[in-house]
S.K.: 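I'd like to ask you about the structure that follows.
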Amino acid sequence: MTTLIKNGRIITATDDYHADVFIDGETVHTIGRNLPVKADKTIDAAGRWVIPGAIDPHVHMELPFGGTISSDSFETGTRAAAFGGTTTIIDFAIQYHGKTFEQTLDDWDAKAEGKCAIDYSYHLAVTEYEAKHAPEFKKVVDRGISTFKIFLAYPGVFMIDDTTMFRVMQSAGEAGGMTLVHAENGIAISQMIDNLVAAGKMAPKYHAQSRPPVMQADGVARALRVGEVARAPVFIVHVSCEAAMNEIVRSRDEGNASFGETCTQYLFLDETCYDKPNFEGAKYVFTPPLVARENIEPLWKGLKLGYLQEVSTDHCPFNFKGQKELGRGDFRKIPNGGPGVEDRLSLVYDGAMKRGFSPNKWVDLCSTASAKMFGMFPRKGTIAVGSDADIVIFNPDKQRTISAKTHHMNCDYSLFEGMEIQGAVETVLSRGKTLIESNQYLGHPGEGKFIKRGQCAVM
Ligand SMILES: [Zn+2]
């Protein structure tokens with residue numbers, strides 16, 4: 001199967017020019033002006049931008065959490081991702097106590113295999129590290145999982161102690177991997193939750209009050225300082241506030257391999273969402289929570305100046321009906337997470353263009369930076385001869401309104417309901433196959449493949 005994309009404006013993280021792209025099988029074969037080739041399928045991309053497929057490096061499909069399971073399966077979640085121009089996701093395989101690393105990955109393989117619309121990988125979330133696990137780091141990296149994740153939050157569930165934090169960072173680094181950290185002060189937060197509950201403060205907004213930005217900044221500072229002595233690269237996930245971002249900047253300025261991301265929700269929404277009536281504040285209960293509006297512009301500025309490396313979604317949807325409602329009367333029982341995987345590329349486009357970012361920077365934040373950071377570049381994250389033909393044809397002028405009525409995520413609400421944005425995904429190719437065209441899904445489950453990842457390529 002060959003495909004020719006004609007007349008488009010090709011935009012990667014570094015280039016911007018008009019040319020045709022000829023795809024043979026799963027990869028880009030030739031790029032040039034007026035290519036004298038005949039293809040099985042020709043797509044006219046005149047007036048459109050032709051960009052590398054987006055990569056969402058932080059999602060949770062069908063994750064058991066808080067007594068329920070995130071509502072998008074690998075099948076529905078990856079299909080929704082494809083509609084939004086995302087052609088690769090990285091999920092988190094979470095080690096349950098008593099499991100080895102390899103059993104954990106086997107379990108996640110069994111969940112994802114044969115279901116995904118787009119390519120996928122996982123980070124390995126380590127919740128327990130004993131001597132017997134030490135030789136497993138190298139095996140995991142050899143298996144194509146080069147990133148490990150630890151939690152400094154959720155005591156009694158996922159949280160690890162500082163000994164484990166140090167050991168994981170050191171072992172991951174020695175194996176050629178990187179450690180991702182959910183950084184908060186989980187112990188202090190747990191006490192703050194108890195205090196709020198004792199005072200009868202049980203509404204959704206108290207979820208946010210129990211986890212103030214300073215507790216996140218504390219977790220980030222601690223993680224990065226431990227990473228410094230472990231001499232290992234550390235990546236902070238879902239940075240929601242300026243104070244936490246500043247800790248990353250400080251650490252990197254001191255010469256450490258310290259990196260971070262933020263998520264779409266923190267770039268558009270603020271803590272006033274928790275005041276919505278009829279328990280609707282529960283829709284915004286995720287961790288870290290939304291914070292004061294004063295943080296939004298600093299986060300955008302941080303993306304522009306490279307303080308933070310990319311934008312993910314932390315997609316972890318729960319339906320309002322039947323799932324979020326589990327926490328009526330007790331914010332501790334609201335499953336933590338929200339839907340987002342579908343709208344990221346166009347949301348970031350809208351926000352980035354309004355703030356004068358270059359189109360290249362937008363592509364970098366949504367695709368290229370993650371391909372490099374998480375060991376998939378140049379197979380993913382760019383349009384180049386030999387790269388996977390993961391390509392999005394984007395209409396930069398089209399206006400659309402985000403709504404749960406039209407989205408494809410298996411979730412009965414949208415975090416961005418009613419928001420009018422500019423820019424829309426029109427056609428999506430995954431390894432040469434047209435997956436989305438004229439708002440129709442043309443693929444089927446299982447076409448997405450597990451991608452073996454290598455080392456972080458930004459250092
Ligand atoms: Zn997450």
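For the numbers below, each heavy atom of this structure counts, side chains included, while hydrogens, waters and symmetry mates do not. Counting starts at 1 for both ligands and their atoms, in listed order.
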S.K.: Protein N/O/S atoms under 2.8 Å of the Zn ion (ligand 1)?
M.R.: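 Near the Zn ion (ligand 1), the protein supplies His58 NE2, His60 NE2, Asp314 OD1.
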S.K.: Test: ring pair (Phe, Tyr, Trp, His ring centres under 6.0 Å). Region: residues 327-358. Which pairs qualify, not counting sequence neighbours?
M.R.: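 Applying ring pair (Phe, Tyr, Trp, His ring centres under 6.0 Å) to every pair that reaches into residues 327-358, excluding sequence neighbours, yields Trp49-Tyr349, Trp300-Phe357, Tyr349-Trp362, Tyr349-Phe394.
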S.K.: Is the closest side-chain donor-acceptor distance between Ser312 and Asp56 under 3.5 Å?
M.R.: no
S.K.: Which pairs with one or both residues in residues 223-238 pass side chain to side chain donor-acceptor pair (under 3.5 Å), sequence neighbours excluded?
M.R.: His182-His238, Glu228-Asn256
S.K.: Per the salt bridge (Lys or Arg N to Asp or Glu O under 4.0 Å) rule, what does the pair list look like for residues 254-268, sequence neighbours excluded?
M.R.: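 Matches after skipping sequence neighbours: Arg250-Glu254.
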S.K.: Report yes or no: is the cationic atom of Lys324 (NZ for Lys, CZ for Arg) closer than 6.0 Å to the six-membered ring centre of Phe318, at no more than 45° off its axis?
M.R.: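 The answer is no, since Lys324 fails at least one limit relative to Phe318.
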S.K.: Kindly check if the number of other-residue, nucleotide or ligand heavy atoms within 6.0 Å of NZ (Lys205) is above 12?
M.R.: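 Result for NZ/Lys205: open.
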